[in-house]
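Following: one structure in structure tokens, then a few remarks.
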Amino acid sequence: MADKTNMVIFAAAKEAGISEKEMRGVLVSHKDGFFEITFSTEWMMYDMYVEEESMMVLGVDLRPIPVNLLLESLPESGQDAC
């Protein structure tokens, strides 16, 4: 299953147009022949569905990281500038 998990991560990164190194908080689950992978990058959050046999990404939900979460990751001096 580890090989398939790695393939799902690769397929998701390719679909998002990013490198695997840019992926944060990766969670992969499997049910009924499909994988669900959720992860974030510096600016976006992703939720993807990948078909197990073909490793094709069949669905993507992406959205920007909420501003309040971005501000929390800034040093205090950067928060004052906003």
Could you see if Met7 belongs to whatever hydrophobic cluster contains Ile9? Use Ile, Leu, Val, Met, Phe, Trp, Tyr and a side-chain cutoff under 4.5 Å. yes
side-chain contact (heavy atoms from CB on, under 4.5 Å) for Phe34 and Glu52? Distances and angles first, verdict last. CA-CA 5 Å; Phe34 294 91; Glu52 182 176 11; over 6 Å; no
Taken to the nearest 0.5 Å, the spacing of Tyr49 OH from Lys31 NZ works out to 10.5 Å
Does Val57 belong to the same Ile/Leu/Val/Met/Phe/Trp/Tyr cluster as Leu62, with side-chain heavy atoms less than 4.5 Å apart forming each link? yes
Give the ring-plane orientation class for Phe39 versus Tyr46, where under 30° counts as parallel, over 60° as perpendicular and anything between as tilted. parallel
Would you name the heavy atoms of Glu42 and Arg24 that are closest together and state the gap between them? CA-NH1, 3.7 Å
Minimum-distance pair of heavy atoms, taken over all atoms of Ala13 and Ser19: CB-C, 4.3 Å
Same cluster or not: Met44 versus Phe10, using hydrophobic residues (I, L, V, M, F, W, Y) connected whenever any side-chain heavy atoms lie under 4.5 Å apart? no
Taking every heavy atom of Glu15 against every heavy atom of Val60, the minimum-distance pair comes out as CG-CG2, 4.0 Å
What are the two closest heavy atoms between Thr41 and Ile65, and how far apart are they? O-CD1, 3.8 Å
Give the minimum heavy-atom separation between Met45 and Pro64, together with the two atoms involved. SD-O, 4.5 Å
Other residues, nucleotides, ligands: >12 heavy atoms within 6.0 Å of Lys14 NZ: no
Answer yes or no: is there a side-chain heavy-atom contact under 4.5 Å between Met23 and Ile37? yes
Going hydrophobic residue to hydrophobic residue with side-chain gaps under 4.5 angstrom, can you get from Met56 over to Val8? no
Can you tell me how far apart CG (Leu58) and CE (Met48) are? Round to the nearest 0.5 Å. 11.5 Å
If you measure from CZ on Arg63 to CG on Asp47, what distance do you get to the nearest 0.5 Å? 6.5 Å
Heavy-atom side-chain proximity of His30 to Val28 below 4.5 angstrom: no
